[in-house]
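Given the structure is predicted, the values throughout are model-derived calculations rather than measurements.
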Amino acid sequence: MAGTTARFEGKTAIVTGAGSGIGRATAIRLAQEGARVIASDISNERLEELKAEHPELQFVTVAGDVSTEESAGGLVAAAGDRVDVLANVAGIMDGFLPAAEVDDATWARVMDVNVTAIMRLTRAVLAKMLESGGGTIVNVTSEAGLRGSSAGVAYTTSKHAVIGYTKNTAFMYAPKGIRVNAVAPGAVATNIEAPWKSEWAAGRLGPLMQVIIPGVASPEELAAAITWLLSDDSANVTGVVLASDGGWSAI
């Protein structure tokens with residue numbers, strides 16, 4: 001990584017989805033810049049690999065289902081007296097199922113992981129940030145949070161909800177020195193599962209995506225945007241949705 005600084009020296013950060021993809025890249029970037037990182041993922045194996053590959057960095061790993069109240073409490077407990085930085089990265093897809101085909105189980109699981117998990121962990125972290133007098137939060141939404149032609153109905157709805165949650169929370173806590181922003185990735189090279197479970201959606205969305213997606217970003221490119229918003233370099237920025245999508249949102 002070029003231009004490593006110490007923007008997060010002495011700070012404690014929580015990163016969800018830290019076992020792979022954008023979450024992993026964000027956790028590494030924060031730790032490289034001095035943060036003690038509480039790394040969360042549903043896979044303990046992936047977290048152990050993260051620690052083993054970077055023994056020089058400050059990682060505290062906590063495996064668990066980020067959508068549960070117990071997981072949120074465990075992450076805050078692992079952080080200790082204060083939390084300065086929160087990156088809500090964990091998320092799942094929905095098989096591109098449209099409204100006529102989505103099942104209750106898919107809808108509930110996508111909402112739990114993509115929306116409710118953010119609410120629960122943010123609620124727990126805000127108590128710490130209010131005590132210490134400030135902090136920064138970044139929620140990962142998606143290009144699907146900006147339009148209706150990028151995913152299935154559950155994922156699209158969840159990512160629109162993340163934007164609303166981000167803006168409301170930013171407004172509410174700005175006077176308390178807490179900044180809350182969102183990053184909206186386009187196509188990113190991660191291991192998130194995104195199978196086509198609907199023939200109708202494949203026929204409707206597939207040809208469109210082949211034409212309009214500008215390219216595939218690396219997780220490190222997204223981590224750069226996320227850590228900028230989490231750092232003091234963006235001190236005058238709150239309540240924004242930063243599209244990191246290679247220009248997709250400009251189409």
Side-chain angles (χ1 to χ4, degrees), residues 1-66 70-91 113 117-118 121-122 124-126 128-129 131-132 134-140 178-183 185 188-192 217-235 242 244:
M1 181 190 67
T4 300
T5 65
R7 293 183 297 180
F8 301 96
E9 191 72 41
K11 294 186 177 183
T12 295
I14 295 176
V15 180
T16 69
S20 63
I22 298 170
R24 187 179 191 277
T26 300
I28 292 170
R29 179 75 181 255
L30 286 166
Q32 286 176 331
E33 295 198 31
R36 171 177 171 261
V37 177
I38 316 303
S40 166
D41 197 85
I42 199 166
S43 169
N44 186 61
E45 181 180 357
R46 289 198 295 255
L47 291 175
E48 289 303 312
E49 289 173 356
L50 173 67
K51 285 175 63 177
E53 291 172 12
H54 297 278
E56 77 285 2
L57 301 179
Q58 297 183 76
F59 286 122
V60 177
T61 57
V62 181
D65 184 344
V66 73
E70 292 77 12
S71 180
L75 287 169
V76 173
D81 293 337
R82 62 183 293 146
V83 179
D84 305 288
V85 169
L86 169 61
N88 284 306
V89 183
V113 174
I118 290 177
L121 185 51
T122 302
V125 164
L126 280 171
K128 296 283 188 183
M129 290 183 173
E131 287 177 9
S132 62
T136 55
I137 299 170
V138 169
N139 301 318
V140 174
I178 297 170
R179 296 188 299 108
V180 188
N181 293 293
V183 168
V188 184
T190 72
N191 68 349
I192 189 170
S218 71
E220 290 74 20
E221 289 175 303
L222 270 298
I226 292 168
T227 53
W228 177 74
L229 286 172
L230 290 170
S231 76
D232 291 340
D233 288 344
S234 61
L242 175 61
S244 179

Are any non-hydrogen side-chain atoms of I14 and V85 less than 4.5 angstrom apart?
-> no

Decide if atom CD of E45 counts as having more than 12 heavy atoms of other residues, nucleotides or ligands within a radius under 6.0 Å.
-> no

Verify side chain to side chain contact (heavy atoms under 4.5 Å, CB included) between N181 and I137, making sure each step is shown before the conclusion.
-> CA-CA 6 Å; N181 293 293; I137 299 170; over 6 Å; no

Approximate separation, where rounding is to 0.5 Å, of F59 CZ and L47 CG = 10.0 Å

What do the steps show when you test E221 against S244 for side chain to side chain contact (heavy atoms under 4.5 Å, CB included), and what is the final call?
-> CA-CA 8 Å; E221 289 175 303; S244 179; 5.5 Å; no

Within-4.5 Å side-chain heavy-atom neighbours: L30 and Q32 | no

Would you sort out whether N139 and V180 count as a side chain to side chain contact (heavy atoms under 4.5 Å, CB included), showing the intermediate values?
-> CA-CA 8 Å; N139 301 318; V180 188; 4.0 Å; yes

At their closest point, which heavy atom of V62 faces which heavy atom of A78, and how far apart are they?
-> CG2-CB, 3.8 Å

Between V37 and F8, is any pair of side-chain heavy atoms under 4.5 Å apart?
-> no

Got V76 and V125 here, is their nearest side-chain heavy-atom distance under 4.5 Å?
-> yes

Using a 4.5 Å cut-off on heavy atoms from C-beta on, say whether the side chain of T136 contacts that of D84.
-> no

Can you tell me how far CG of D65 sits from OG of S40, rounded to the nearest 0.5 angstrom?
-> 9.0 Å

Minimum heavy-atom distance S234-R179, with the two atoms named = O-NH1, 2.8 Å

Does any non-hydrogen side-chain atom of V140 lie less than 4.5 Å from one of P185?
-> yes

Are the charged groups of R7 and D232 less than 4.0 angstrom apart, N to O?
-> no

Grab the two heavy atoms, one from A87 and one from L230, that are nearest each other, plus how far apart they are.
-> CB-CD1, 4.2 Å

If you round to the nearest 0.5 Å, how far is OG1 of T122 from CE of M129?
-> 8.5 Å

Do we see a donor-acceptor contact under 3.5 Å between the side chains of T12 and R82?
-> no

I would like to know whether I28 and H54 meet side chain to side chain contact (heavy atoms under 4.5 Å, CB included); could you show each step before the answer?
-> CA-CA 8 Å; I28 292 170; H54 297 278; 3.5 Å; yes

To the nearest 0.5 Å, what is the distance between OG1 (T61) and CG (D41)?
-> 10.0 Å

Got a second to check how far K11's NZ is from R36's CZ, nearest 0.5 Å?
-> 15.0 Å

Distance-only, no hydrogens or angles: does the T16 side chain make a donor-acceptor pair with backbone N or O of A90 under 3.5 Å?
-> yes

Nearest 0.5 Å, what's the NZ-CG distance between K51 and L57?
-> 12.0 Å

Test item: T227 and L229 side chains (from C-beta on) under 4.5 Å apart, heavy atoms = no

Any side-chain heavy atom of V66 sitting closer than 4.5 Å to one from I42?
-> no

